[in-house]
Structure formats: structure tokens, C-alpha cells
Amino acid sequence: MAGDGDGRAGLPRIAVVGAGIFARTQYIPRLREIAHLVVLKAIWSRTQESAKAAAELARDFAPEIECKWGDAGLEEIMGDSSIMGVAVVLAGQVQVELSLKMLKAGKHVIQATTEAETALSIYNSFPNQFPYKPIWALGENYRFEPAFVESSKLIKDIGDMMHIQVIIEGSMKSSNPYFNSSWRRNFVGGFILDMGVHFIAGLRMILWRVDGTKGTIQVERGIDSGKHGYQVLFSGENGQCQKTFYPFCGVNEELKMFVQDMLAASKDGDHKAEPRSSYVEGARDVAVLESMLESSAKQGATVQVKRFP
């Protein structure tokens, strides 16, 4: 786990597999913020050009970052014993396959949610060939957004639950850089799965607006002082409304937890991912979304949600 020659010796090293919009605009800036916790050893893309362009964005905090591309680059990452974990930031069509390859090579992995049931069975069937079971963590995860964390704590103060309301509005204009991404255009359920699964995670964590016998909790998307995030409104029995704004920082928090889990797994072979970031939770999110769509197709009929242990 030796770090670069800049006083960060002993820090774990990770690689980012993917150099698209989200990797460049979210993962690299967040990794810059936690450069005191982890070393970005390499970044991979399908082409040398895109890998080099993304690496330059990280050069200020990862001066020795290596560019990897193509099949040979993936093999180099999998074979590099100094790389402890990998953030797979790719389109849904290929990310599960690559994640499983990295896990099989003994790398801890963090990725967004996509197809889950078959992938989980493959992951669970891996032979025990390492001193630890590689962590498979869920990225881009609303369970790490402070607004939902704090709201889940307030649930106990609203009394018996009486009413739940979830309204999801996702703005996606053609000018949005994600609008034409292959993730959404060439992947079954792309738009609904990519956006909807985040809100399902929030729903399962705190149920959004929730009315109880003693109060109400409401979480709203918003902007405060130029920062995007969520506003939490809590109304108690006294009729007063307490408002708190929480800027988005979930990617930062989940990456910190991923680093902690990697280090813990290296010391304790039985260590498992923090429950909020467990890939099983992602599978459960997808299962809820799939059941909602199936129920809608059946004119609102009751549908059994798949269960994952």
C-alpha cells in the first residue's frame, strides 16, 4: 500500500475504470477531496486518448497516475498487486461484467447499480482463493446523502405512520450531457433505471414525504447558495417547521467508506461492506423498481418483490 513520494506512504491505491462524463466530473473531483486517504494509481479507458485526457484532470493530486487503455490495460490493472480497489464507472451494458472480472482478480470494487440477480449469484460462487472476500460496494448511492441520513433519524419522532407520498421529477433536456449517453439510449430501462433507482434507495431509507400522528418529514431537491442538494423539512406537534439544507456529498462519503472497508478487509478476511453500500442493497432497489413497473403493466395488480438474503 505504499503511496506516492509525497508523504502519503502507506495509503491504499485504487484505479478508476472509465473516463466518461461521470468519472471526469464526479469521481476525479471527489478523489481529489480525499487524496489524504487514498492514492489514485491508474485510470483506464477504451482508448489511449480518453485515458490520457482524464488522467491530466487528476495530475495535480495524483502526479504519478498511470494511463491504461484497451484489454491490455485491464489486464495490467488486474495484475497489479499494489492496486487494492477499483471504481468501475462505465455504461451499464459492460460494468457488471468488468466488475466481476476485477472481483475475481481479488480487487475490491465500487460501482453503480444495474442488473443484479445473476451477478450476485456469480459473485457468491467465487472460490475462496484470497485471504479475504473482495468487497463489492454500491456507488452513486443516495443512502450516503446527508439529507437522507438525517431524515431517517427523524422518522422516530413522527409517531405512527399514516401517509407516504413520493413525487419524482427528473429534468433531462436534450442539452444535458447525459441525454445521449449509451447508458440511457442503448440499455433496456436506461432512463428509468438510472434515475429511478436512486430515488428507490431514498424511498427505502426514509420514504420521503412521510406523515405521522406526531409530525411530518419532507425531503425536497433544491439549491442553496449555489449548491445543489436536498432540503429536509420537519414539522412537529407544535406546528413549527424546521428546515435544514444538505448539499450533495454522497459520492465523497461513499468513497471514504469504500476505502475504510478495503483496509478493514485487508486485516479481517470476514469483513463485509458497510450495509448501506452493500451491493445486495442495490439489488433490492432494482427489485422494487422492477416490481413497480410490472405492477403498472398489470393495471396496478399486487406483485411480489424479489427478495435477496
Inset, instruction - Could you please spell out the steps behind the side-chain contact (heavy atoms from CB on, under 4.5 Å) verdict for Lys41 and Asp80? - result: CA-CA 10 Å; Lys41 171 74 181 294; Asp80 188 338; 2.7 Å; yes
Legend entry - Test item: Asp157 side-chain N/O and Gly215 main-chain N/O as donor-acceptor pair under 3.5 Å: no
Inset, instruction - Would you kindly confirm whether Val109 and Val94 end up in one hydrophobic cluster when ILVMFWY residues are joined by side chain heavy atoms under 4.5 Å apart? - result: yes
Legend entry - Separation of Tyr279 OH from Ser99 OG (nearest 0.5 Å): 7.0 Å
Inset, instruction - Decide yes or no for Trp136 and Val280: does some side-chain heavy atom of the first lie under 4.5 Å from some side-chain heavy atom of the second? - result: no
Legend entry - Residues which pass salt bridge (charged side-chain N to carboxylate O under 4.0 Å, His left out) with Asp211, listed by chain and number, not counting sequence neighbours: Arg209
Legend entry - Qualifying residues under salt bridge (charged side-chain N to carboxylate O under 4.0 Å, His left out), relative to Lys156, sequence neighbours excluded: none
Inset, instruction - Would you mind reporting whether Leu154 and Val232 have side-chain heavy atoms less than 4.5 Å apart? - result: yes
Inset, instruction - Apply side-chain contact (heavy atoms from CB on, under 4.5 Å) to the pair Tyr246 and Val219, showing each step before the final yes or no. - result: CA-CA 10 Å; Tyr246 297 92; Val219 184; over 6 Å; no
Legend entry - Hydrophobic cluster identity match, Leu233 and Phe245, side-chain contacts under 4.5 Å: no
Inset, instruction - Nearest 0.5 Å please: distance from the CG atom of Leu255 over to the OH atom of Tyr27. - result: 6.0 Å
Legend entry - Shared hydrophobic cluster, Met262 / Tyr132 (ILVMFWY, side-chain heavy atoms < 4.5 Å): no
Legend entry - Side chain to side chain, Val96 and Gln111, heavy atoms closer than 4.5 Å: yes
Inset, instruction - Determine yes or no for a side-chain-to-main-chain donor-acceptor pair under 3.5 angstrom, with Ser277 supplying the side chain and Ala137 the backbone. - result: no
Inset, instruction - Please report the closest heavy-atom contact between Thr244 and Gln242, naming both atoms and the distance. - result: OG1-NE2, 4.0 Å
Legend entry - Set of residues satisfying side chain to side chain contact (heavy atoms under 4.5 Å, CB included) with respect to Glu97, sequence neighbours excluded: Lys101
Inset, instruction - Can you run down the salt bridge (Lys or Arg N to Asp or Glu O under 4.0 Å) pairs that involve residues 225-249, sequence neighbours left out, and say none if there aren't any? - result: none
Legend entry - Ala23: side chain to side chain contact (heavy atoms under 4.5 Å, CB included) partners, not counting sequence neighbours: Val16, Val89
Could you pull out all donor-acceptor pairs under 3.5 Å where a side-chain atom in residues 65-72 meets a protein atom, sequence neighbours excluded?
unit_1, atom_1, unit_2, atom_2, d
Glu66, OE1, Lys68, NZ, 3.2
Lys68, NZ, Glu76, OE1, 2.9

Legend entry - From CZ (Phe130) to NZ (Lys104), nearest 0.5 Å: 10.0 Å
Inset, instruction - Could I get the full list of side chain to side chain contact (heavy atoms under 4.5 Å, CB included) partners for Ile223, not counting sequence neighbours? - result: His228
Inset, instruction - For residues Ile28 and Phe61, report the shortest heavy-atom separation together with the two atoms involved. - result: O-CZ, 3.6 Å
Legend entry - Cluster overlap Leu100 with Ile83, hydrophobic side-chain contacts below 4.5 Å: yes
Legend entry - Interatomic spacing from CD in Glu274 to CG in Leu138 - rounded to 0.5 Å: 11.5 Å
Inset, instruction - Could you check if a side-chain atom of Val259 sits within less than 4.5 angstrom of a side-chain atom of Pro12, using non-hydrogen atoms only? - result: yes
Legend entry - All pairs passing salt bridge (Lys or Arg N to Asp or Glu O under 4.0 Å) where residues 14-30 contributes a residue, at least two apart: Arg30-Glu33
Legend entry - Check against side-chain contact (heavy atoms from CB on, under 4.5 Å), Met102 and Leu74: CA-CA 9 Å; Met102 293 294 167; Leu74 288 175; 3.8 Å; yes
Inset, instruction - Would you indicate whether the side-chain heavy atoms of Met161 and Val210 approach each other to under 4.5 Å? - result: yes
Check: residues 286-294 side-chain donor-acceptor pairs under 3.5 Å, at least two apart:
unit_1, atom_1, unit_2, atom_2, d
Ser291, OG, Ala287, O, 2.9
Glu294, OE2, Lys298, NZ, 2.9

Legend entry - Beyond-backbone contact of Val149 with Arg276, side-chain heavy atoms, under 4.5 angstrom: yes
Inset, instruction - Would you list the pairs meeting side chain to side chain donor-acceptor pair (under 3.5 Å) in which at least one residue belongs to residues 49-61, sequence neighbours left out? - result: Arg32-Asp60, Ser45-Ser50, Thr47-Ser50, Glu56-Arg59
Inset, instruction - Indicate the atoms forming the closest heavy-atom contact of Ser295 with Ala301, along with that distance. - result: OG-O, 2.7 Å
Legend entry - Under 3.5 Å donor-acceptor, His108 side chain and Ile135 backbone: yes
Legend entry - Residues that, via side-chain heavy atoms closer than 4.5 angstrom, fall in one hydrophobic cluster with Phe144: Met257
Inset, instruction - Taking salt bridge (charged side-chain N to carboxylate O under 4.0 Å, His left out) as the test, write out the residues that go with Arg284, two or more places apart. - result: Glu281
Inset, instruction - Decide yes or no for Glu254 and Ile110: does some side-chain heavy atom of the first lie under 4.5 Å from some side-chain heavy atom of the second? - result: yes
Legend entry - From CG (Leu57) to CD1 (Ile43), nearest 0.5 Å: 8.0 Å
Inset, instruction - First locate atom CG of Asp285, then atom CZ of Phe308, and finally report the distance between them rounded to the nearest 0.5 Å. - result: 10.5 Å
Legend entry - Any donor-acceptor pair under 3.5 Å from Glu145 side chain to Gly250 backbone: yes
Inset, instruction - Would you indicate whether the side-chain heavy atoms of Arg221 and Phe248 approach each other to under 4.5 Å? - result: yes
